[in-house]
Peer 1: 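Okay, handing you the structure first.
The figures here come from the full heavy-atom set of this structure, side chains too, leaving out hydrogens, waters and symmetry mates.
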Amino acid sequence: WLKFQSSHSRIAVVASLVSSCTTAPEEREMGQGGGCCRAEAQPTEALPTASVEIYGVTGSKNCMGALLLITDRQLGRLVPTMPGPEGTQTEEFLAMNPFHAVPTLKDGNIIVAESSAILRYLATRYVPQLYPPVDPKRRGYIDWAMDNFACKLYQDVQAVIYPCLGYSAPPPDIAAAAGAARDNMKEFTDFFLREKFVGGGKLSIADYKIAPFLFCYAHPLLLEQGKFECSDRVKRYVADFLEACPSSGLLSSADGGSLKEIMDSRRGAPAPIFPPGGSATIDAASDALKAQARGSGKLKVHGAPPSCNSLSPVLLGMDLGCAEMVPAMPGKDTQTPEFLAMNPFHAIPTLQDGSYALAESSAILRYLATNYGPKLYPSDPEKRSRIDWAMDRFATGIYPEAPKTLYPCLGFGEFPPDAQDAGRALSDKLHEFANFFLSNSKFIAGNRLSIADYKIAPFFYAFAHPMLADRCALILPARVAQFNTNFASSCRAAGIFQSAGGFSLKELLDKGHAAKK
């Protein structure tokens, strides 16, 4: 902590100097031990005036995406903030973010947390070309990539990268964890990195999101200690990102606190940024979305009535009158060639709009609202950022408890030995969430529904079933119960929670509860 405090001014100076490269053609040398790249001359453009503050540290991959973006665009500065009593647990910090986590953004009176929500806020307010509002297909693709990475690949980060950085203990089987991470990364890059970047030929907020993580995977430490074999495609992507991002030097040098410096220290010797082998080639003119055309009729949401993640976009599509559900059960329905052509990750929900496809429930919600119900995802930066923060906080803070509590109640797997501990933890997290996001208004963004309410509503409804209290010791907060009442009276399609030919949330939970009794 003292080191970060004392280096605050030096980090700010480094960030300021690197930012000036946005219009400078000269070469930049980066890193220690041989890593370097060349920044191409950039056309001069007027940069917006801002005084954004990012609370976090340069050794955090989640923080680095936002820090790189504000440094590139000269939007603000880093406020070094370590997790713990001297940083995220202080009164001042908790007044901004009661979930005591970094990164946290402060922009005047606007506070936003969760890395993806921060990136969306920065792009929407200051750099729209990184998240193009006039290109629904690309924007949806960017959302899908960010949410897929956060929901699936981040688990691999915790198992493989964190131990190498010294942030956590290694998993019991290091080789197995590395193998799973390698397979998931290949699946991700095969689909989302068919072009140079997720954004196509240029950077997008999805690239700022994933690049710090892929940068770590390309470091030799991950092979030597984590048994992770980095693919040529990942190495090529990292090289391209370092060249395209003017402030990428912060990944390699931050007064000892950069990701590369930490990994070099753990390794015991400086390492080049790229080991040999980053020879993958990408057709610069390729367009992964060109062949996909949006349709003209009703959209289809492939999903299942007892899937809370599916129900969120199904409810929204039904309320807006723009989409209908196509029943699809994981397994037999999601492994067909037709389904895999839409979604190679074989998961529900999946949206079909003509020949264009999109997955991940939050990404689909944003697509539906942006194109068919903009009032549910207002353009006002403060309201939109609160919606994004709530959705991402739910996904990272509350959803991880569902597979240990709700899913076994629905018959999707066995109860773990610690189901009641998980239920008590879920109770606490629901209190924490409701006390912040539902303390002063009927719904998350005010007295009208937003896509954040559609996101959480199926889960909140299911959490209220008596089976969760009996089997998992879940104590439902009164504010969550009130939200359920408010949502039921405001959402025309909410009846699907109770009746769906024997497969609704209520019908399955009633059946499971009766069988247990």
Side-chain angles (χ1 to χ4, degrees), residues 59-65 101-103 114-116 119 142-194 197-198 206-238 241 251 259-260 262-263 266-267 273-275 277-278 280 309 330 343-347 359-363 392 395-397 399-404 407 413:
S60 162
K61 296 160 294 302
N62 282 315
C63 293
M64 283 306 299
V102 293
E114 298 293 329
S115 60
S116 295
L119 288 168
I142 290 168
D143 281 333
W144 184 0
M146 294 174 74
D147 289 351
N148 180 276
F149 190 94
C151 295
K152 187 172 183 180
L153 273 70
Y154 191 69
Q155 299 175 41
D156 298 328
V157 169
Q158 294 173 310
V160 179
I161 296 181
Y162 278 16
C164 290
L165 288 169
Y167 297 169
S168 64
D173 190 334
I174 296 175
R182 184 177 62 251
D183 292 345
N184 289 335
M185 180 61 72
K186 184 179 187 308
E187 189 179 49
F188 182 90
T189 57
D190 283 351
F191 186 72
F192 289 114
L193 295 182
R194 291 171 285 175
F197 301 114
V198 178
D207 298 291
Y208 281 93
K209 167 78 176 179
I210 69 173
F213 297 92
L214 272 60
F215 178 88
C216 290
Y217 276 128
H219 194 281
L221 179 69
L222 270 291
L223 175 61
E224 295 164 1
Q225 293 188 17
K227 310 300 181 187
F228 180 86
E229 297 180 18
C230 187
S231 69
D232 279 3
R233 181 66 191 98
V234 169
K235 293 173 188 175
R236 181 70 262 159
Y237 174 84
V238 172
F241 180 85
L251 293 167
L259 290 169
K260 182 177 185 294
I262 294 171
M263 289 188 290
R266 296 282 298 178
R267 185 172 183 257
I273 292 180
F274 307 112
N309 282 318
N343 182 355
F345 307 102
H346 47 82
E360 298 294 337
S361 63
S362 293
D392 289 353
T396 61
Y399 180 76
E401 304 299 336
K404 296 178 280 187
Y407 286 11

Peer 1: Show your working on side-chain contact (heavy atoms from CB on, under 4.5 Å) between Met185 and Phe213 and close with a plain yes or no.
Peer 2: CA-CA 11 Å; Met185 180 61 72; Phe213 297 92; over 6 Å; no
Peer 1: Minimum heavy-atom separation for Ala363 and Asp147, please, with both atom names.
Peer 2: N-OD2, 3.4 Å
Peer 1: Mind checking whether Ile161 and Tyr167 have side chains closer than 4.5 Å, heavy atoms only?
Peer 2: no
Peer 1: Take Tyr217 and Val160 through the side-chain contact (heavy atoms from CB on, under 4.5 Å) test and state the conclusion after the steps.
Peer 2: CA-CA 9 Å; Tyr217 276 128; Val160 179; 4.2 Å; yes
Peer 1: If we only count heavy atoms from C-beta on, is the Phe215 to Lys260 side-chain gap below 4.5 Å?
Peer 2: yes
Peer 1: How long is the span from the CE atom in Met263 to the CG atom in Leu251, to the nearest 0.5 Å?
Peer 2: 8.5 Å
Peer 1: How close do Ala218 and Val238 get, heavy atom to heavy atom, and via which atoms?
Peer 2: CB-CG2, 4.2 Å
Peer 1: Quick one: does Leu119's side chain get under 4.5 Å of Met146's, heavy atoms only?
Peer 2: yes
Peer 1: Once you round to the nearest 0.5 Å, how far does CD of Glu114 lie from OG1 of Thr396?
Peer 2: 3.5 Å
Peer 1: Find out whether Asn62 and Pro103 are in side-chain contact, i.e. whether some heavy atom of one side chain is under 4.5 Å from a heavy atom of the other.
Peer 2: yes
Peer 1: Honestly, is Arg194 close enough over Phe191, meaning NZ or CZ under 6.0 Å from the six-membered ring centre and within 45° of the axis?
Peer 2: yes
Peer 1: If you take all heavy atoms of Met64 and Pro212, which pair is closest and at what distance?
Peer 2: CB-CG, 3.8 Å
Peer 1: On a heavy-atom basis, which atom in Pro171 and which in Ala177 lie closest, and how many Å separate them?
Peer 2: CG-CB, 3.7 Å
Peer 1: Asp190 versus Arg233: any side-chain heavy-atom pair under 4.5 Å?
Peer 2: no
Peer 1: Do Tyr237 and Phe192 have their ring centres less than 6.0 Å from each other?
Peer 2: no
Peer 1: If we count only N and O atoms by modelled type, under 3.5 Å, do the side chains of Ser231 and Lys186 hold a donor and an acceptor together?
Peer 2: no
Peer 1: What distance separates Asp143 CG from Asn148 CG, expressed to the nearest 0.5 Å?
Peer 2: 12.0 Å
Peer 1: Please step through side-chain contact (heavy atoms from CB on, under 4.5 Å) for the pair Glu187 and His346, ending with a clear verdict.
Peer 2: CA-CA 11 Å; Glu187 189 179 49; His346 47 82; 4.1 Å; yes
Peer 1: If you round to the nearest 0.5 Å, how far is OG of Ser362 from CG of Asn309?
Peer 2: 8.0 Å
Peer 1: State, with a plain yes or no, whether a side-chain heavy atom of Lys61 is found less than 4.5 Å away from one of Tyr162.
Peer 2: yes
Peer 1: Between atom SG of Cys216 and atom CD1 of Ile262, what is the distance when rounded to the nearest 0.5 Å?
Peer 2: 8.5 Å
Peer 1: Taking all non-hydrogen atoms of both residues, which atom of Gln225 and which atom of Arg267 are closest, and how far apart?
Peer 2: NE2-CA, 4.4 Å
Peer 1: Kindly indicate whether the side chain of Lys209, heavy atoms from C-beta on, has any atom under 4.5 Å from the side chain of Ser115.
Peer 2: yes
Peer 1: Which heavy atom of Ala145 sits nearest a heavy atom of Val198, and at what distance?
Peer 2: CB-CG1, 3.7 Å
Peer 1: Roughly how far, to the nearest 0.5 Å, is the OG1 atom of Thr189 from the CG atom of Leu153?
Peer 2: 9.0 Å
Peer 1: Within a strict 4.5 Å, meaning less than it, do heavy atoms of the Leu214 and Phe188 side chains meet?
Peer 2: no
